[in-house]
*Asks:* 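Shown below is the structure under consideration.
In what follows, chains carry the letters A, B, and so on, assigned in the order in which the sequence lines appear, proteins first and then strands, with residues in each chain numbered from 1. Both backbone and side-chain heavy atoms feed into the values below; hydrogens, waters and symmetry mates do not.
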Amino acid sequence: MKKKSVLYAEDEFTNRKIMEIQCMKFGVDCTLAENGMDALELCMKNNYDLVILDQYMPGLNGDEVAMELNSRKYELPLIAITSDDSCTAKLKSNGFKAVFVKPLKASDYKEILENYL
Amino acid sequence: MILLDEVMDKLRYELENLPTTKNADITITSEAELLKKPRKGSDSRLKEFILILSGLNPVNISKLEIHFTGNSSVINVNISADGRPLDVANQNKKFMLEKNPDFIVDFSSDNKYFRITVNSPEIDKTEPVDINAIIRNIGISSFDAWNLLEGFLKRNKNNLDILINRKEYSQHEQHRAAHSLKGAGKTLYAPFLANAARKVEKNIKNGVDCKEEIKYLESAWLQLEEWFKENRK
């Protein structure tokens, strides 16, 4: 059976590395992007089962990537990760299926990689 | 980990956007001592709880006062609105106390004032990072946790350098560097680094000089590096 795949865009190394470790643990293929523009390009070129976007990134923020993807009729679920818990409602209205607030715990990774895949 | 000044900023933002408090004159203050050290606990839970209480008053509030006091073990949040009775007392008190066993809520006899007491001891100053918390809370192995910390120190040094040499960088680049250090510091349970980066981030955002805060951040970084070299498994 083909492994599920995730794209995770995040500019900060530590969070990228943790997601990579968690994906390995859950048997999920993980592609990492370091900024919003790269994430957008990767989404256009590849088929992922889930796209996870950090909100505050160089170039394009997570919500800007989501809006761009939505305008291109991108139908896969998008998840936002933010350090600002005051913007969760706004992010959901921008098309994210779920929003998680940093720092993420083991249970958050489990929920993302089990419930949204 | 609770960074109280971060809680205060986020709380203000939330209250300024809540229907019942958005037009209010909001005062949020703290005893200076409380802001010096990070505390154990979850800032999002504390903020959420205050918001539940603040949002329960059905009438528009014109004046809301929140004052943080406490000691090395607890934080007290003292709240009053317009100097008039708050509706939260009778119907919700029992429910809230049952739902939030970590909090103690006291209402004044006239219900014009209430205080939340949160058990939140200061974080022990001797450890710049809590490696066991990384393993336990993120759910990764000890091997991965140490590698993560090593990677963090290698990959984030440039963010510290941006702040030290900040005149060569735009305000946006400085803010991003401080934001990354704060976020990674919180993720890695490095409270002093996270707290120092948080202060730098705030000052940069407000266009305020942060020479002293950057010195403190640099010293928190060096302390973490040193600790890593001595304790690396």
*Asks:* For chain B, which of A/P103, A/S107, A/P58, A/S83 has the most heavy-atom pairs under 4.5 Å?
*Replies:*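 Sorted descending by pairs with chain B, the first entry is A/P58.
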
*Asks:* Would you say the side chain of A/D84 lies within less than 4.5 Å of the side chain of B/Y13, judging by non-hydrogen atoms?
*Replies:*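 With C-beta onward as the side chain, the pair stays apart.
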
*Asks:* For residues 30-51 of chain A, give me every residue with a non-hydrogen atom less than 4.5 Å from any non-hydrogen atom of chain B.
*Replies:*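 The residues closer than 4.5 Å to chain B, in numerical order, are A/E34.
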
*Asks:* More than 12 heavy atoms of other residues, nucleotides or ligands under 6.0 Å from CD of B/E150: yes or no?
*Replies:*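 It does: B/E150 CD has more than 12 such atoms within range.
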
*Asks:* Tell me the residues of residues 8-26 of chain A whose non-hydrogen atoms fall below 4.5 Å from those of chain B, in number order.
*Replies:*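 Only A/D11, A/E12, A/F13, A/T14, A/N15, A/R16, A/K17, A/I18, A/I21, A/Q22, A/K25 of residues 8-26 of chain A have a heavy atom under 4.5 Å from chain B.
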
*Asks:* Counting only non-hydrogen atoms closer than 4.5 Å, does B/R176 touch chain A with its backbone (N, CA, C, O), its side chain (CB onward), both, or neither?
*Replies:*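 For B/R176, the contact with chain A is made by backbone and side chain together.
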
*Asks:* For A/K102, is it the side chain, the backbone, both, or neither that has a heavy atom closer than 4.5 Å to a heavy atom of chain B?
*Replies:*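 Contact with chain B involves no heavy atom of A/K102 at all.
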
*Asks:* With a 4.5 angstrom heavy-atom cut-off, is it the side chain or the backbone of B/L188 that approaches chain A, or both, or neither?
*Replies:*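 Interface part for B/L188: side chain.
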
*Asks:* Checking B/N147 against chain A: side chain, backbone, both or neither under 4.5 Å from a heavy atom?
*Replies:*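 Neither part.
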
*Asks:* Are more than 12 heavy atoms, taken from residues, nucleotides or ligands other than A/E75, located less than 6.0 Å from that residue's CD atom?
*Replies:*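 No.
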
